[in-house]
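Start at 1 and go down the list; that is how both ligands and their atoms are numbered.
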Amino acid sequence: MVKGCITVKLTELFASKKSTLSFEVFPPKNTDGYESVSEAVEKIAALGPDYMSITYGAGGSNSAFSAAVASDVKKRCGVTPLAHLSCVTATRQSITEYVRILTGDGIENVLALRGDIPDGVDPSGFEFEHASDLVAMLKEISGLCVGGACYPEGHPESASLAQDIEAVRIKVAAGCDFLTTQMFFDNNVLYNYMFKLRDKGVNVPVVAGIMPITNAKSIKRICKLSGIVLPQRFRMIVDRYGDDPDAMKQAGIAYATEQIIDLYANGIKAVHVYVMNKPDVAAKIKENLSSIVK
Ligand code: FAD
């Protein structure tokens, strides 16, 4: 199926639409997984999100698949792709080559990330220290629309939220056009964070990242790794329904839907949902918002 290939720079999208809803997918680890990922991606794309982001394996492990899925999103599905790209173990040369592949496929949007430093590796010899270094390089060598990550509860490596916000300010000063947040489960955390960002002069669009939790085990792991705090209200849901997969899924989607509606109602214009290649979850969220995001 070849659909229309007209896609947009996300800065133009954010400027032109009252509210946007986008979905995130991840590429397969190997060729064997490509078909099932493609199927999921097509179904998610058929729901008509404003754009879809495609994650990039730590250290570039699945970079070819990431670029291929981003290209499929654009060419086969007719949806604007946002290709993630991490630089932690990359070189200027490898980034230049990868950007050539992306732009050759007509991809216009990249989420520039540092990526996690591999365990036990000394990063002092790496060519890129921070995501802001990648942002600056992408702006220097391409006309890409470049986004970056931000963390409403602070990045786990940061000594304080204030220090982390200063790093975001530097990233934006390096040319970052928009930010996408780490997931959060208490909207007040985001509202406080937005106030602090704007106070420090960070005025680019901020896309709120929402994760519908459909599995109790995964949330415990995610919180442990990222330092995200689960509000009491959500912990009660996990405690009550965590052992019943269908109930947990229904409750997780309902909680995410409520978060999203509250975000739009409070002036957040762009919401990105981490649907993790699950078309049924994406479809339910979309259905729940059918009269809210048109
Ligand atoms: P940075 O912005 O470099 O920040 C990392 C740490 O360094 C922070 O503590 C920050 O405060 C500090 N810092 C940054 N700049 C400076 C500076 N100039 N001076 C001093 N300190 C500084 N990972 C993947 O591997 N693939 C993905 O596809 C992916 N997608 C993601 C999407 C989103 C929306 C988010 C929020 C994260 C994603 N990640 C992904 C995870 C991300 O790579 C990790 O969180 C990583 O540890 C940090 O990446 P970053 O781009 O935020 O790094």
Quiz prompt | Same apolar cluster: Val8 and Leu82, side chain cutoff 4.5 Å | solution = yes

Quiz prompt | Pair Thr91, Glu127: side-chain N/O donor-acceptor within cut-off below 3.5 Å | solution = no

Self-check item: No-hydrogen, no-angle side-chain donor-acceptor test under 3.5 Å, Asn266 and Asp262
Solution: yes

Quiz item: Taking atom CD of Glu166 as the centre, does the number of heavy atoms from other residues, nucleotides or ligands within less than 6.0 Å exceed 12?
Solution: yes

Quiz item: If you count only heavy atoms, which residues are under 4.0 Å from ligand 1?
Solution: Thr55, Tyr56, Ala58, His84, Leu111, Leu113, Arg114, Gly115, Asp116, His130, Ala131, Ala149, Tyr151, His155, Glu157, Ser158, Asp164, Ala167, Ile170, Lys171, Thr180, Thr181, Gln182, Tyr274

What side-chain donor-acceptor pairs closer than 3.5 Å can you find for residues 193-203, not counting sequence neighbours?
residue	atom	partner	partner atom	Å
Arg198	NH1	Val202	O	2.8
Arg198	NH1	Val204	O	2.9
Arg198	NH2	Val204	O	3.4

Exercise. State whether the side chain of Asp164 and the backbone N or O of His155 hold a donor-acceptor pair below 3.5 Å, judged by distance alone.
Key: yes

